[in-house]
Amino acid sequence: MSSVKVKLKDGSVKEFPRGTSFLAVAEGISRGLAKAALAAKVDGEVVDLAQPLNQDAELEILTFDTPEGQDTFRHSSSHILAQAVKKLFPGTNLGIGPAIANGFYYDFDSEHVFTPEDLTKIEQEMDRIVKQDYGFERSEVSREEAIKFFEARGEKYKVELVQDLPVDAVISMYRQGDFVDLCAGPHVPSTGKIKAIKLQSVAGAYWRGSEKNKMLQRIYGTSFPKQAELEDYLFKLEEAKRRDHRKIGMELELFSFHDEGPGFPFFHPKGMVLRNELENFWREQHKKNGYQEIKTPIILNRSLWEQSGHWDHYRENMYFTKIDEADYAVKPMNCPGGILVYKTRLHSYRDLPIRMGELGLVHRHELSGALHGLLRVRNFTQDDAHIYLLPSQVKNELMGVISLVDYFYTVFGFEYHVELSTRPENSMGSDADWEMATNALQEALEAKGVNYKVNPGDGAFYGPKIDFHLRDCLGRTWQCGTIQLDFQMPEKFDMHYIGEDGQKHRPVMIHRTIYGSIERFIAILTEHYAGAFPLWLSPVQVRVLPISDRHEEYARNVAAELSTADVRVEVDERREKISYKIRQAQMDKVPYILVVGDKEVESRAVAVRRRGEGDLGARELDEFVQQVIGEIAKKL
RNA sequence: GCCGAUGUGGCUCAGAGGUAGAGCAGCUCACUCGUAAUGAGCAGGUCGUCGGUUCGAUUCCGACCAUCGGCUCCA
């Protein structure tokens, strides 16, 4: 028998007889590895461990510590879920059941509506299947066999899937016990590998993600090789939920929602401090970067929206009203208003690029089921700007905006990912314009060395866009910053500038935001810091706690001094024990707590307590004031 | 909008077919206190809204509204 060589991840090369299974290879490397092995990655392709080694290859044995190993593990878990559901609810038809970021799901079509109690029963059945330790057996079948197989079982969704597979696709089936499913694989060797399973929720999901199709029932779950890992994960989930901006926002009195205005947030005094700080920082940076600021009306005549294309492409999301019998719309975007400002005078090519910013309040009709705290609302303030420029300036300007976005996110310590969204279905303009615009965005990203993924068909109706996505406490990502390149609006509004040749020329337009929406950004900030905002953003920066009422006057003097230095300060004059006030201030996440008693009054000092660090001891008042001013200025 | 769940005083949550409780917060009083909760008392709810069943519903049924988790959509 001939032998073949495998190159392992650590660079070493080993020889095995041709036809050795990858599981045997893993055993040849180490017993521990074989036990933890879930799948194999051979020359970049992930396959079952039962597959034979047929030729020289680069090989990685995948365990739960690798992303591919986890996916395989979760995917196998979803098959076990399907098997359990078929057993307990025999009439059920199967949709699809993939692995997802932190678990898996399976879509079912069933007369029976799954309840939370059912999930417990299904979990028990899954545990039984795990104990049986069925092997996952792969087989390859012809298209006809596959269709016949699923038709015989009434699995219409599976039949549809098979029919839609590409002509040259290898069609494979996986069997564990008496359960067989259409599946490309790979899978873990046997059900016994999936030691710890938790079904988390049931949700409706349209077949193939289209609202035109039937809604199926999707069961979400997660799984781990060890019970302890599952518990650890569930605990972390609970922890993450404690960061939820909706909860913290209420506790810290930042904002509220009311039945009288679903999706319309109310900002409270402390939330306004945050907003204003964000806006101040925004204005300061934009001024520095050559932006001007404008403010345009919220309600504008319908004709404007017809001209801009919003009437044709965005009507579903807009609110309308009548004024003196004429039709008006509440703006869902700021661009048409901004364009009117541009058009109030002639512009020379020498003036371009013109960067016009607007903190604009827009209203959009979001589906009721889509509303989500401050992360998805029906009115929000975009930190918008429209840049009018020469075609030759596009790339440079785009690179500048990308840098500005990166600068902002860095200040807040955010990590983000970038997507390039291309032409959607219901859009306007020529293919050539779209291609040009998309290429320009792509070139700018590449010139900046930014990693990005393409998000096909997700652009705005007037142009492609670069989206910047931030994470919430549960790992869901939300689009915040966006940069959109637009050749359509200048056309629609017959915009121009006077060129070197004295003739009229068409400018190009960039729409961009950095925060995206102030509301959404505040939500992300709140979750990112778990409500413990950095000093410069904190609604209350310092709280002074007099030990007894004879220290109140001094406490007020301390506060006055800080206040004069533009520090946001409060005095807790309640007649409570000092430890009670400290507890309170800590829970309110105030960055600096100043305790003042006899000693401090005597020496004009303050006893400083820093959030997260505890008691720092006494300090001269003036010294403390200077220190705080310095820290605020440095945006600490 | 669709699927499922939930909706009890400011907040967190008990509760049962016979018109509701606890803790925290609030208010009052006492304690004048040194780094994460002093004690006592008081007050506070037409049990999301509107209908229906019933002698009687907040508890059962229906519709609607809102919220939560998804789908779809999106800053």
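Predicted, not measured: the structure shown is a model, and the values here were computed from it. No hydrogens, no waters, no symmetry mates; every other heavy atom, side chains included, goes into these values.
Across A66(B) and C47(B), the matching C1' atoms stand 16 Å from one another, rounded to whole Å. The gap from the C1' atom of G39(B) to that of A20(B) amounts to 28 Å, rounded to the nearest Å.
With hydrogens and angles left out, the side-chain atoms of Thr513(A) and Asp384(A) include no donor and acceptor closer than 3.5 Å. Inspection of the Ser403(A) and Asp406(A) side chains reveals no N or O donor paired with an N or O acceptor under 3.5 Å. Side chain to side chain, Arg619(A) and Gln627(A) meet the donor-acceptor criterion of an N or O pair below 3.5 Å.
In this structure, His551(A) atom NE2 and G34(B) atom P are separated by 10 Å, rounded to whole Å. As a whole-Å value, the separation of Asp598(A) CG from C33(B) P is 8 Å. Nucleotide A36(B) holds its P atom 15 Å from the CD atom of Glu576(A), rounded to whole Å. When rounded to the nearest whole Å, the span between CE of Met587(A) and C1' of U12(B) equals 13 Å. Going from atom CZ of Arg550(A) over to atom C1' of C33(B) covers 9 Å, rounded to whole Å. Spacing between atom CG of Asp572(A) and atom P of U35(B) amounts to 16 Å, rounded to whole angstrom units. In this structure, Gln217(A) atom CD and C2(B) atom C1' are separated by 13 Å, rounded to whole Å.
Map Met250(A) and Val113(A) each onto its nearest nucleotide of RNA chain B; the residue landing nearer the 5' end is Val113(A).
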Side-chain polar contacts of residues 258-274 of chain A - donor-acceptor pairs under 3.5 angstrom, sequence neighbours left out - could you list them?
| unit_1 | atom_1 | unit_2 | atom_2 | d |
| --- | --- | --- | --- | --- |
| His258(A) | NE2 | Ser256(A) | OG | 2.8 |
| His268(A) | NE2 | Ser256(A) | OG | 2.7 |

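With sequence neighbours excluded, the residues that form a salt bridge (Lys or Arg N to Asp or Glu O under 4.0 Å) with Asp472(A) are Arg476(A). Here Arg611(A) pairs with nothing under the salt bridge (Lys or Arg N to Asp or Glu O under 4.0 Å) rule; sequence neighbours left out.
Screening Arg218(A), Arg208(A), Lys158(A) for a salt bridge (Lys or Arg N to Asp or Glu O under 4.0 Å) with Asp107(A), the sole residue that qualifies is Arg218(A).
Taking the charged nitrogens against the carboxylate oxygens, Lys465(A) and Glu419(A) have no contact shorter than 4.0 Å, which rules out a salt bridge.
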Which parts of nucleotides 67-75 of chain B does protein reach within less than 4.0 Å, heavy atoms only, written one letter per nucleotide 5' to 3' as B for base, S for sugar-phosphate only and - for none?
SSBBBBBBB
Under 3.5 Å for both distances, Watson-Crick or G-U wobble, that's the pair rule; now give the dot-bracket for RNA chain B, with | marking pairs to another strand and [ ] for crossing ones.
(((((((..((((....[..)))).(((((.......))))).....(((((..]....))))))))))))....
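Going from atom OG1 of Thr422(A) over to atom CG of Asn455(A) covers 7.5 Å, rounded to the nearest 0.5 Å. To the nearest 0.5 Å, the span separating CG on Asn102(A) from CD on Gln70(A) amounts to 8.0 Å. Here Leu88(A) contributes atom CG and Met126(A) contributes atom CE; the two are 11.0 Å apart, rounded to the nearest 0.5 Å.
Within 4.0 Å (heavy atoms only), Ala607(A) reaches at least one base atom of the nucleic acid. Among the heavy atoms of the strands lying under 4.0 Å from Lys599(A) is at least one base atom, whether or not backbone atoms are also near. Using a 4.0 Å heavy-atom cutoff across all strands shown, Ile582(A) reaches at least one base atom of the nucleic acid.
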With 3.5 Å as the limit, what N/O pairs link the protein to nucleotides 23-26 of chain B?
| unit_1 | atom_1 | unit_2 | atom_2 | d |
| --- | --- | --- | --- | --- |
| A25(B) | OP1 | Tyr580(A) | OH | 3.1 |

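For Glu600(A) against G34(B), a side-chain N or O and a base N or O form a donor-acceptor pair under 3.5 Å.
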Can you list the steps and then say if Val411(A) with Phe281(A) is a side chain to side chain contact (heavy atoms under 4.5 Å, CB included)?
CA-CA 11 Å; Val411(A) 165; Phe281(A) 177 56; 3.9 Å; yes
